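All remarks here apply to the structure that follows.
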Amino acid sequence: MATKVYIEDLSKHAGGSVTLQGWLYNLRSSGKIKFLLLRDGTGICQGVVVKSVVGDEIFNRAGEMTQESSFKMSGTIRAEQRAPGGYEMDVTNVEIISIAKEYPITPKEHGVEFLADRRHLWLRSSRQHAIMRIRHEIIRSIREFFDGRGFTLLDAPIFTPAACEGTSTLFETEYFDLGKAYLTQSGQLYGEAGAMALGKVYVFGPTFRAEKSKTRRHLTEFWMVEPEVAFNDLNDNMDLAEEFLEHIVTSVLKNRMQELNALERNVKVLEAVKRPLPRISYDQAVEILHKNGVEFEWGNDLGAPDETVISQQFDRPVMVHRYPSAIKAFYMKRDPNNDKLALAVDVLAPEGYGEIIGGSQREDDYDVLLERLKEHNLPQEAFDWYLDLRRFGSVPHSGFGMGIERTVSWICGLEHIRETIPFPRMIYRLTP
RNA sequence: UCCGCGGUAGCUCAAUGGCAGAGCACGUGACUGUUAAUCACGGGGUUGUAGGUUCGAGCCCUACCCGCGGAGCCA
């Protein structure tokens, strides 16, 4: 048996004799010559099986395989201009591992429900493969960004005793003798505790929202990365966010161009993501809406169609800051120059992908924060530990949260968020 | 929760109230350069469920089930 190699490393083995292991992506036959497309998770390579070269037994064996049968093929690697990957194999031997039953996902069109029901198989398709590789690159670059800047990863709990923004959107479960527990909808409050301990932290994990949303932008379970930095004000926070986004997009362009091409993504849009990102106030955003003929009343939150209109004015993500405090969370600090505004910032992705980042400078004054809790009718006991952060050496601090799946959706240019995560959880989907 | 669209072969979809169809997939055969290969032949159906109108319903009506998209909410 020749050396076992992966398809992504084939360029190092040109002219060499190797073995590939994988699954049959497709088979084309022309009488005395067969073309086997082997998929191994790193790429797809075509093996050319010629009857007069391998003999009847191996030739017929190759023809027995069905789509997604697992097998090994050995032979010589040759540069081939016609091959999508640049190389193909002149096969000398084929070894079947397992013949697949009739595979439901053919290289033709399928409907959404059909594919979603077979998500565990759908992941094998080249398009899903490309998305998962880009998702991984995004996550890798996120960790690289923070790890390279002195941040400490702080894992927040998933079971929480109370809501951080009200209970209506929380998944609830029984927790032994301690009553109800909720699945976290954000690790932020714990991130703030971490920032007071370690200065610069990031929380990275799954979050849960029981919103009955049924759109292409919503999951009930999604991943969020949430940096929190002591002594950062709102401007520092925006500086961090734009440097962060630039780093992620640059990394994907550098390391996953092949996958972006497989998705037919227009990379010009991504190449434009360079600092500085435009920063506009909520007031300016409202002006833009009015100029574009959108009826919008100051004080309302921006809806998805409003965000699209605003983002279409720019060629890169846009930061909208200083929203009306009435529509923002209790922990956001008010603007000292205008009590009606919160020191909040949302980053809107281009092309109508909407909000991918939401953040703020946090309220650091004990008395003000206590007042906000009361205004929002939140139970003070549940937040006593959080108030401690203001009792014992409170400092200005800021942070933001970025939704991984919306970011993947935008960078990949996808129609629907369900393709951005291996096994999506949505209001009407819990399987597979 | 509300609004809109849809459900016909394994898949994607056609079918003026009048014989249930095509492409792909699958099976058999042909083919030494195929790229979602091509060509020939073949097997494949309780038209989402229940009722109603009609000489006759995939098509019209009622209810329900399921799916998709959007709004609100949010990342």
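The model shown is predicted, which means the values in this text are computed figures rather than measured ones. Throughout, protein chains are lettered first and strands after them, A, B, ... in sequence-line order, and every chain is numbered starting at 1.
Nucleotide B:C19 has no partner under the Watson-Crick or G-U criteria, as no pair reaches both atom distances under 3.5 Å. In a base pair of the Watson-Crick type (N1 to N3 plus N6-O4 or O6-N4) or a G-U wobble (N1-O2 and O6-N3), with each distance short of 3.5 Å, B:C39 is matched with B:G29. The partner of B:C68, taking Watson-Crick or G-U wobble pairs whose two distances both stay under 3.5 Å, is B:G4. Look at B:A63: its Watson-Crick or wobble partner, with both distances under 3.5 angstrom, is B:U49. A 3.5 Å limit on both hydrogen-bonding distances identifies no Watson-Crick or G-U partner for B:C74. The nucleotide B:C24 finds its pairing partner in B:G10, both defining distances of the Watson-Crick or G-U wobble pair being shorter than 3.5 Å.
Comparing A:A304 and A:Q46 by the nucleotide of RNA chain B whose heavy atom lies nearest to each, the residue mapping closer to the 5' end is A:Q46. For A:L27 and A:S213, each mapped to the nucleotide of RNA chain B holding its nearest heavy atom, the one lying further toward the 5' end belongs to A:L27.
Between A:F222 atom CZ and B:C74 atom P there is a gap of 12 Å when expressed in whole angstrom units. Spacing between atom OH of A:Y87 and atom C1' of B:G33 amounts to 20 Å, rounded to whole angstrom units. With rounding to whole Å, A:F208 atom CZ is found 16 Å from B:A75 atom P. What separates OH of A:Y25 from P of B:A25 is a distance of 14 Å, to the nearest Å. With rounding to whole Å, A:K32 atom NZ is found 10 Å from B:A30 atom C1'. Here B:G69 presents its P atom at 13 Å from NE2 of A:H218, a figure rounded to the nearest Å. The distance from atom CD of A:E221 to atom P of B:A75 is 17 Å, rounded to the nearest whole Å. Nucleotide B:A9 holds its C1' atom 13 Å from the CZ atom of A:F114, rounded to whole Å.
For B:A71, one of the phosphate oxygens OP1 or OP2 lies less than 4.0 angstrom from a side-chain nitrogen or oxygen of A:R217. OP1 or OP2 of B:G69 sits under 4.0 Å from a side-chain N or O of A:R418.
Using a 4.0 Å heavy-atom cutoff across all strands shown, A:G354 reaches no nucleic acid atom at all. A:D346 comes within 4.0 angstrom of no nucleic acid atom, judged by non-hydrogen atoms across all strands. Residue A:S29 is in base contact, counting any heavy-atom pair closer than 4.0 Å across all strands shown.
Checked by distance alone, A:H110 brings no side-chain donor or acceptor within 3.5 Å of a matching partner on the base of B:C11. Applying the 3.5 Å distance criterion, the base of B:C11 shares no donor-acceptor pair with the side chain of A:R118. Judged by distance alone with a 3.5 Å cut-off, no donor-acceptor contact links the side chain of A:E415 to the base of B:G69. Side-chain atoms of A:S30 and base atoms of B:U38 include no donor and acceptor less than 3.5 Å apart.
In this structure, the nucleotide among B:C31, B:C68, B:G33 sitting nearest to the side chain of A:R78 is B:G33. Closest approach to the A:N26 side chain among B:G33, B:A36, B:G72 is made by B:A36 (side chain taken as heavy atoms from C-beta onward). Nearest nucleotide to the side chain of A:F35, out of B:G33, B:A25, B:G69: B:G33. The nucleotide whose nearest atom lies closest to any side-chain atom of A:E102 is, among B:G69, B:A25, B:C74, B:A25.
Geometrically, A:R118 engages A:F114 in a cation-pi contact defined by less than 6.0 Å to the ring centre and at most 45° from the axis.
For the pair A:P104 and A:L121, the minimum side-chain heavy-atom distance is below 4.5 Å.
Remark: the A:E228 side chain and the A:Q188 side chain contain no N/O donor-acceptor pair separated by less than 3.5 Å. Side chains of A:D346 and A:Y323: a donor-acceptor N/O pair is present below 3.5 angstrom, by distance only. A side-chain N or O of A:E144 and one of A:H247 form a donor-acceptor pair less than 3.5 Å apart.
Look at the C1' atom in both B:U49 and B:U38: the space between them is 43 Å, to the nearest Å.
By the 4.0 Å N-to-carboxylate-O rule, A:R78 lies close enough to A:E88 to be salt-bridged with it. Salt bridge present: A:E242 and A:R279 bring a charged side-chain N and a carboxylate O closer than 4.0 Å.
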